[in-house]
Amino acid sequence: MTPSARTQAAIELLDQIIAAARESGAAADTLIARYFATRRYAGSKDRRAVRELVYAAIRKAGDRPENGRAAMLLVADADPALAATFDGSSHAPAPIGKDEPRARAGVAPQWLTKALRASGLDGAALTDLAGRATLDLRVNTLVADRPAVLAALSEAEATPHAPDGIRLPTGTNVEALPLFNEGALEVQDEGSQIVGLAMQAKSGQRIVDLCAGAGGKTLALAAMMANTGTLLACDTDRNRLSRLAPRATRAGAAIIETQLLNPTREIEALSEWAGRADGVLVDAPCSGTGTWRRNPEARWRLTPDRVSRLQSTQQQVLSVAATLVKPGGALVYIVCSLLDAEGTDQVAWFLGAHPGWRTAPLSLPAGAVHGHGVRLEPGRDGTDGFFVARLISPC
């Protein structure tokens, strides 16, 4: 592909990604894979170059652009070589017109930027939300230890904060690594590893992971528990939960049980666990504002109404979790969001709605106290963004 053809391909992909964001369609990575699956003539260098153009435009545009051309023009304004590819030749975008509209540059849509600033993020802390993510993995201590893994992988380095984390060069084919297939490694952002430590899971405990998804934090809990005790992983999404069983087998995590839940009927389904869990982990559905380094187009999918609906879901899940914790037990609330409306404000709501509960101080290897919990930020901590709080049930 010529440089001009690459630019045109990026514009076409951006058109698809913008439409998908507007209509709650497929993620950018999925759309890019589909696009090149039908264009075998594009070599690996072409695919890499087009992908970089697409993500440069996504990261630069705050509001959802009108179209892919407007998004690419925003990038071209700061890159004369890219602007020159708008030459109108075969398979190239048309020349840039005088006063042609561009996408609006920014970190996020204006309403969302305002909400993030109100949540204590500004300057570099705000702009770093849409930076580039590292490739972090967790060493599964049921199978190996970090020093052995670092010795076996010459390109790996220890993550600066998480005790079992390693970092590999971006683009590494993790699934091709023998250690991965032996169950010694799990892909997991360092921030996700750190907030999971708030559960303080121990051998022999009874713990519920109430919003387990595909089980990244569940597997980490099993390792913390040294494969001793009972660990129940629940979710309302059958497809996501179904991915946990093969991962647990590969990891040697034998204590994990799974339970598919029917939304709004969770308490009935979990009646045998009522008041019996040493700990309940609530990794709640959220806006994902802390994960824009990995999914930058997610900024274009959010609306105030969607955030409001997520808040209602978070409160409902917290209320279910409270019924499962034994007296003196712990409820750990996590969101990969930096909006106070989904973080510390939800803990304040919970404490008001559940008399006798209290927050417990957290000592984590990264993050800073924020309201009723601890917040990790991409710029300050080099991780995805998270809010985590530990709540103790009345005795």
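Note that the numbering runs from 1 along the sequence shown for the chain.
F180 carries R250 over the face of its six-membered ring, with the cationic atom under 6.0 Å from the centre and within 45° of the normal. Judged by the 6.0 Å distance and 45° axis criteria, R39 is positioned over the aromatic ring of Y35.
Side chain to side chain, T134 and D136 meet the donor-acceptor criterion of an N or O pair below 3.5 Å. Donor-acceptor pairing under 3.5 Å is recorded for the side chains of E342 and S287. No side-chain N or O of K326 forms a donor-acceptor pair with one of S393 less than 3.5 Å apart. Between the side chains of T218 and D209, at least one donor-acceptor pair of N or O atoms lies under 3.5 Å. Using a 3.5 Å distance cut-off with no hydrogens or angles, the side chains of H370 and D340 do pair a donor with an acceptor. Side-chain atoms of Q314 and Q346 include a donor-acceptor pair closer than 3.5 Å. S4 and D87 form a side-chain donor-acceptor contact under 3.5 Å, judged by distance and modelled atom types alone. Residues T7 and T85 bring a donor and an acceptor atom of their side chains to less than 3.5 Å of each other.
Of all heavy-atom pairs between E190 and H161, the closest is OE2-N, 2.5 Å. Nearest heavy atoms, A115 versus L339: CB-CD2, 3.8 Å. Among all heavy-atom pairs drawn from G252 and L142, the shortest one is O-CD1, 3.9 Å. Closest heavy-atom contact between T141 and A223: OG1-CB, 3.5 Å. Taking each heavy atom of I256 and A233 in turn, the nearest pair found is CG2-CB, 4.3 Å. Scanning all heavy atoms of the two residues, the minimum distance from L179 to A152 falls at CD1-CB, 3.9 Å.
In this structure, the separation between CG on L260 and CG on D237 is 8.5 Å, given to the nearest 0.5 Å. Summarising the geometry, atom CG belonging to D278 is positioned 8.5 Å from atom CE belonging to M199; distances are rounded to the nearest 0.5 Å. Within the model, atoms CG of L331 and OG1 of T323 stand 9.5 Å from one another, a figure rounded to the nearest 0.5 Å. In this structure, R104 CZ and D63 CG are separated by 4.0 Å, a value rounded to the nearest 0.5 Å. Considering CZ of R299 and OG1 of T291, their distance stands at 11.0 Å, rounded to 0.5 Å. For the atom pair R293 CZ and L129 CG, the distance stands at 10.0 Å (nearest 0.5 Å).
V317 is listed as a side-chain neighbour of C211, based on a closest heavy-atom distance under 4.5 Å. Using a 4.5 Å heavy-atom cutoff, the side chains of E100 and L73 are in contact. Within the 4.5 Å cutoff, side-chain heavy atoms of Q200 are placed close to those of L362. Between R301 and R306 there is no side-chain heavy-atom pair separated by less than 4.5 Å. Counting heavy atoms from C-beta on, the side chains of R138 and Q193 come closer than 4.5 Å. For the pair M225/I255, a side-chain contact is recorded, criterion being any heavy-atom separation below 4.5 Å from C-beta on. Put simply, the side chain of V208 reaches to within 4.5 Å of the side chain of C234, judged on heavy atoms. Residues P378 and L338 meet the side-chain proximity criterion, which asks for heavy atoms closer than 4.5 Å.
Checking side-chain atoms of R48 against main-chain N and O of G43 turns up no donor-acceptor pair under 3.5 Å. A distance-only check finds a donor-acceptor pair linking the side chain of R69 to the backbone of A94 [under 3.5 Å]. For the pair T344 (side chain) and H372 (backbone), a donor-acceptor distance under 3.5 Å is present. With D145 contributing its side chain and A148 its backbone, the two residues share a donor-acceptor pair below 3.5 Å. No donor-acceptor distance shorter than 3.5 angstrom exists from the side chain of E272 to the backbone of L270, with no hydrogens or angles considered. Put simply, the side chain of N140 never gets that close to the backbone of L185: no donor and acceptor are under 3.5 Å apart. In this structure, T113 contributes its side chain and P109 its backbone to a donor-acceptor pair below 3.5 Å. Judged by distance alone, the side chain of T172 and the main-chain N or O of L168 form no donor-acceptor pair under 3.5 Å. Using modelled atom types, no side-chain atom of S89 and backbone atom of A92 make a donor-acceptor pair closer than 3.5 Å. In this structure, S271 contributes its side chain and A269 its backbone to no donor-acceptor pair below 3.5 Å.
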| Criterion side-chain contact (heavy atoms from CB on, under 4.5 Å) on V374 and L376, from CA distance to verdict | CA-CA 7 Å; V374 168; L376 277 71; 4.1 Å; yes

| task | Apply salt bridge (Lys or Arg N to Asp or Glu O under 4.0 Å) to R375 and E377, showing your working. | result | CA-CA 7 Å; R375 187 163 77 180; E377 299 174 10; 3.2 Å; yes

| field | Chi angles and distances behind the side-chain contact (heavy atoms from CB on, under 4.5 Å) call for Y333, T359 | value | CA-CA 11 Å; Y333 176 67; T359 57; over 6 Å; no

| task | List the steps, then state whether side-chain contact (heavy atoms from CB on, under 4.5 Å) holds for V347 with L318. | result | CA-CA 9 Å; V347 177; L318 278 167; over 6 Å; no

| said: Go through it in stages, so that I can follow the logic: the residues are R247 and E186, the test is salt bridge (Lys or Arg N to Asp or Glu O under 4.0 Å), and I'd like the CA-CA distance, side-chain angles, deciding distance and then a yes or no. | reply: CA-CA 9 Å; R247 293 179 72 188; E186 290 290 339; 3.0 Å; yes

| field | Intermediate values then yes/no, side-chain contact (heavy atoms from CB on, under 4.5 Å), L391 and L351 | value | CA-CA 9 Å; L391 299 152; L351 294 172; 3.8 Å; yes

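Taking the six-membered ring where tryptophan is involved, the planes of F350 and H354 are essentially parallel, since the angle between them stays under 30° and well short of 60°.
Linking Ile, Leu, Val, Met, Phe, Trp and Tyr whenever their side-chain heavy atoms come within less than 4.5 Å puts L197 and L221 in one cluster. In this structure, W111 is a member of the same hydrophobic cluster as W292, with clusters built from ILVMFWY side-chain heavy atoms closer than 4.5 Å. Clustering ILVMFWY residues whenever any of their side-chain heavy atoms sit less than 4.5 angstrom apart, transitively, puts V280 in the very cluster that holds F387. Following chains of ILVMFWY side-chain contacts shorter than 4.5 Å, one cannot reach V107 starting from W300, and the two form parts of different hydrophobic clusters. Hydrophobic clustering (side-chain heavy atoms under 4.5 Å, transitive across Ile, Leu, Val, Met, Phe, Trp, Tyr) groups L82 together with I58.
As a member of the Ile/Leu/Val/Met/Phe/Trp/Tyr network built from side-chain separations under 4.5 Å, L74 groups with nothing else and remains a singleton.
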Distance-only criterion, 3.5 Å: show the donor-acceptor pairs between side-chain atoms of residues 17-29 and protein atoms not counting sequence neighbours.
from : atom 1 : to  : atom 2 : distance (Å)
D29  : OD1    : R51 : NH1    : 3.1
D29  : OD1    : R51 : NH2    : 2.9
D29  : OD1    : Y55 : OH     : 2.6

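In this structure, R265 places its CZ atom where only 12 or fewer heavy-atom neighbours from other residues, nucleotides or ligands lie under 6.0 Å away.
Residues meeting the salt bridge (Lys or Arg N to Asp or Glu O under 4.0 Å) test with R146, sequence neighbours left out: none.
For the pairing with K217, the salt bridge (charged side-chain N to carboxylate O under 4.0 Å, His left out) check across D189, D283, D235 returns one residue only, D283.
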